[in-house]
Amino acid sequence: MRPAWSALEKHYCEIKDVHLKQLFAENPERGERLSVEAAGLYLDYSKNRITDETLSLLLRLAAESGLREHIDAMFRGDKINASESRAVLHVALRAPRGTSIIHDGRNVVPDVHAVLDKMADFANRVRGGAWKGHTGRRIRNVINIGIGGSDLGPVMAYQALRHYSDRSLTFHFVSNIDGTDFAEAVKGLDPAETLFIVSSKTFTTLETMTNARTARDWLLSGLNRDESAIARHFVAVSTNALEVAKFGIDTTNMFGFWDWVGGRYSLDSAIGLSTMVAIGPENFRAMLDGFHAVDEHFRTAPFERNLPVLMGLLAIWYNNFFGAQTAAVLPYEQYLNRFPAYLQQLTMESNGKHVTLDGTRVDYDTSPIYWGEPGTNGQHSFYQLIHQGTRLIPCDFIAFAKTLNPLGAHHDMLVANVFAQAEALAFGKSETQMRAEGIQDRLVPHRLFEGNRPSNTLLLDSLTPDTLGRLVALYEHSVFTQGAIWGIDSFDQWGVELGKALAQQIIPQLESTTEPELQHDSSTNALIRRYRKLKGIV
Ligand code: G6Q
């Protein structure tokens, strides 16, 4: 065990009962002192159950875990995704033109910009109406077909940046193998005005390829089954030119990326094509610049002023010492309604691992469960548990000083609620306060707010492509920090494979017109038989 880890265990025992009220009373400047403004972001982390000693021990843990070396290795293009022997270079996707990041002896930044230029040209043609559908009509609807990393980033970014999007185009995202997803997306759409972006790194994913084939059928049946229509209505985003060509998409209409871009880190690669079509190349570039600003901050800022490092270390503090099992992400911004879902993949697929890089079983917890909803809606549902339940749930509140839709007093009310929630969680409401208010004795326990519930508050200027890039990069690097401390591979995802393989066995068993020979466990066998019966096959 690392010395700083044991020191933190000991320190936890000493401060676990110390109340935030006390910490604030002892240090009236705490609210300003425990905050960092950097890389265009402001983080108030004063409402965390930490002291100076906690911080210095956490920073020692980062040093003992080789976080600096890990960061350098990522930016250097080392194959830090050990189980897949791959470099992890999403930072190259947002590197400015003219800079250099080397992968296998080659500067990849010019390659990145060549794809960005091709995307920009395409996006401009669709937005300007120069790219026409098969019958000569303008494209009015764009449908991204993809799943996981090839869906969650594009949906989240589209929703987040909708304010900046071209409203003469509609955008849809089809991911689920459930046919309802496709059926509802195309309802009322005219194939002659619809463009599909098939986004898949591998171009072999069951859901995406099935939806893409269904899309092709839908399109062709609306366009007299003229196969030459495909070229005007389908483009691909992939690393697999062979499969793209096999599907029937002209590879001149393919936008590439590379094996050193992980799915959940691919939003700013060509996987973001739908986002670029929506918001335009300049706004997309602004988003990449936001990412890049935080990359540089992460790479160069001293750890005690390094936002992703601090957020990552705080996450470790609650996860591994307080035993917190979950963490809530609560954006007070309606446009960020898919941000928690996006973060769920980023955090849990990255750090939900049970072995270290060398394959040894960990004897500590790795990623907490991330969840959340935009505020204030959550306040009227699950916040009850955060305030008075029995579990400790560290919260990240995200708020913006300026709204994109000024409507009377709405925004002040929204922001007042974020501040109020963080205050209520931290300081609670004591018995003495309640008695002073004349609350009946029998109700005092019910109405008690113990407080001492920790939170971060991120206060940003306004939601722009640039700030979105900064926010996402902040979480990406916080996830990296946590993974480096746990010594795990944050960039593989073997845990999704087994279910996929079993589904491939079960599909023919559900479809077969004759009784299949079933060799699953008795529960799976019975479910398959029952499904077949309900479906009316046997
Ligand atoms: C992300 C994962 C996963 C992946 C999807 C889609 O890190 O690898 O979510 O993005 O399975 O894969 P394809 O892009 O290859 O279709």
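Keep in mind that this is a model prediction, so the values were computed, not measured. Numbering of ligands and ligand atoms starts at 1, following listing order.
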Could you please provide the protein residues found below 4.0 Å of ligand 1 on a heavy-atom basis, arranged by chain and number? Ile147, Gly148, Gly149, Ser150, Ser200, Lys201, Thr202, Thr205, Gly263, Arg264, Gln345, Glu349, Gln493
Assess, by modelled atom type and distance only, whether the side chains of Arg391 and Thr326 contain a donor and an acceptor separated by less than 3.5 Å. no
Does the pair Asp217/Arg213 count as a salt bridge with the N-to-O cut at 4.0 Å? no
Those residues that, when tested against Tyr531, pass ring pair (Phe, Tyr, Trp, His ring centres under 6.0 Å) (two or more places apart): none
Parallel, tilted or perpendicular: rings of Phe171 and Tyr158 (30°, 60°): tilted
Of all residues at least two apart in sequence or in a different chain, which pass the salt bridge (charged side-chain N to carboxylate O under 4.0 Å, His left out) check with Glu227? none
What pairs with Phe382 under ring pair (Phe, Tyr, Trp, His ring centres under 6.0 Å), at least two apart in sequence or on another chain? Trp371
